[in-house]
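Here's the structure, in structure tokens; my notes come after.
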Amino acid sequence: SDPYKTQVAWKIFSNKADFSGKHKKLVDFWRVSSGKIFILPKGEWLGKGILPDYPHIIVKQTISLASAQELPVEIIFNTAWVKFNITLDGAPYNGQIGWNVFSDQKDLSGKQTRIADGWRVKSQTVTTLKQGDYIVEVMNPDLKTMKGKAAFTLKPGDQAVVDIDMKTP
């Protein structure tokens, strides 16, 4: 896989959770270059890799270090670029939109988890998401009844265009 070319964030936690399920945070490194070297004590750690510009993209991985060990850790984000191509009643639309991306999976109460959003951004907005199946809902931020919806699937490395036609009420 290709190295990520911009900044990443790393959070290191105790590998063991307490009674409430929380892991004690050891340290975090925010907006550092990929490939940076960090010194950690020996032991088992839970590492979280995060893309700071897309904080909904988090990858967790166990890291095991022996004393005085140098260990390259590769975390694969499995991301894709997606552009939302918006039309209004079938005609090109260049105005502002609000969008919400949801997981296509429902929880036990029947709700879908919101993964990412954008507000008052231009049509043709581009964002990054992890691989997966999603539903995007878009609307005109000033006329919230003017909206559209589409389902889409992303694979790692995709540069997908998702067409969404907003309808006037």
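Just the heavy atoms: all of them, side chains too, but no hydrogens, waters or symmetry mates, feed the values below.
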Is it true that Asp163 and Lys83 have a side-chain N and a carboxylate O under 4.0 angstrom from each other? no
Establish whether Ile76 and Ile58 are linked, either directly or via other cluster members, by ILVMFWY side-chain heavy-atom contacts under 4.5 Å. no
Val126 and Val101: same hydrophobic cluster, using ILVMFWY side-chain contacts below 4.5 Å? no
Which pair of heavy atoms, one from Thr145 and one from Pro169, lies closest together, and at what distance? OG1-CG, 3.2 Å
Side chains of Lys147 and Val138: does their closest heavy-atom pair fall under 4.5 Å? no
Neighbour count above 12 (heavy atom, 6.0 Å) for Gln159 CD: no
How many angstroms lie between atom CG of Asp89 and atom CE of Met146, to the nearest 0.5 angstrom? 7.5 Å
Can you see whether Asn140 engages Tyr93 through a side-chain donor-acceptor pair at a distance of less than 3.5 angstrom? yes
Please determine, by modelled atom types, if Thr87 and Asp165 share a side-chain donor-acceptor pair under 3.5 angstrom. yes
Which heavy-atom pair separates Ile75 from Gly49 by the least distance, and what is that distance? CD1-N, 4.1 Å
Please name all residues satisfying side chain to side chain contact (heavy atoms under 4.5 Å, CB included) with Val162, sequence neighbours left out, ordered by chain then number. Val82, Phe84, Val136, Ala150, Phe152, Ile164
Taking Leu88 as the starting point, is it possible to reach Val161 by hopping between hydrophobic residues whose side chains are less than 4.5 Å apart? no
Within-4.5 Å side-chain heavy-atom neighbours: Arg31 and Asp53: yes
In short, Gln7 meets Pro52 closest at the heavy-atom pair O-CD, 3.3 Å
Closest non-hydrogen atom pair, Gly98 against Trp119: CA-CE3, 3.6 Å
Please indicate whether Lys24 has more than 12 foreign heavy atoms, meaning atoms of other residues, nucleotides or ligands, lying under 6.0 Å from its NZ. no
For a 4.5 angstrom cut-off between non-hydrogen side-chain atoms, does Ile135 reach Lys149? yes
Distance col, row Ile12:CD1 vs Asp28:CG, nearest 0.5 angstrom, shows 9.0 Å
Testing the 3.5 Å rule here: is there a donor-acceptor pair between the side chains of Ser64 and Glu44? yes
Correct closest heavy-atom pair for Phe13 and His23 would be CD2-O, 3.4 Å
Any side-chain heavy atom of Leu129 within less than 4.5 Å of one from Thr79? no
If you measure from CG on Leu71 to CG on Leu65, what distance do you get to the nearest 0.5 Å? 5.5 Å
Do the side chains of Val73 and Leu40 join up, straight or via other hydrophobic residues, at under 4.5 Å, putting them in one cluster? yes
Checking Asp18 side chain against Ser20 main chain: does a donor-acceptor pair fall under 3.5 Å? yes
To the nearest 0.5 Å, tell me how far Lys130 NZ sits from Leu154 CG. 12.5 Å
Contacts satisfying salt bridge (charged side-chain N to carboxylate O under 4.0 Å, His left out) that involve residues 91-108 (not counting sequence neighbours) are none
What's the spacing between Asn100 CG and Gln112 CD if we round to 0.5 Å? 11.5 Å
Report the C-alpha separation of Asn85 and Gln124 in whole Å, then their side-chain angles, then the decisive distance to 0.1 Å, and conclude whether the side chain to side chain contact (heavy atoms under 4.5 Å, CB included) test is met. CA-CA 5 Å; Asn85 182 37; Gln124 313 294 319; 2.5 Å; yes
Closest approach of Lys11 and Trp30, non-hydrogen atoms and distance? CE-CZ3, 4.3 Å
Distance (rounded to the nearest 0.5 Å) between Thr127 OG1 and Tyr54 OH: 5.5 Å
Residue pair Trp99 / Glu137, side-chain heavy-atom distance below 4.5 Å: no
Please determine whether residues Ile97 and Trp81 belong to a single hydrophobic cluster, defined as Ile, Leu, Val, Met, Phe, Trp and Tyr linked transitively by side-chain heavy-atom distances below 4.5 Å. no
Sub-4.5 Å side-chain heavy-atom contact between Thr62 and Asn15: yes
Taking the side chain as every heavy atom from C-beta outward, state whether Val8 and Leu51 have any atom pair closer than 4.5 Å. yes
Got Trp10 and Phe38 here, is their nearest side-chain heavy-atom distance under 4.5 Å? yes
Phe102-Tyr134 aromatic ring centre distance below 6.0 Å: no
Begin with the C-alpha distance, continue with both residues' side-chain angles, and end with the deciding distance and a verdict on side chain to side chain contact (heavy atoms under 4.5 Å, CB included) for Ile57 and Thr128. CA-CA 8 Å; Ile57 299 178; Thr128 299; 3.5 Å; yes
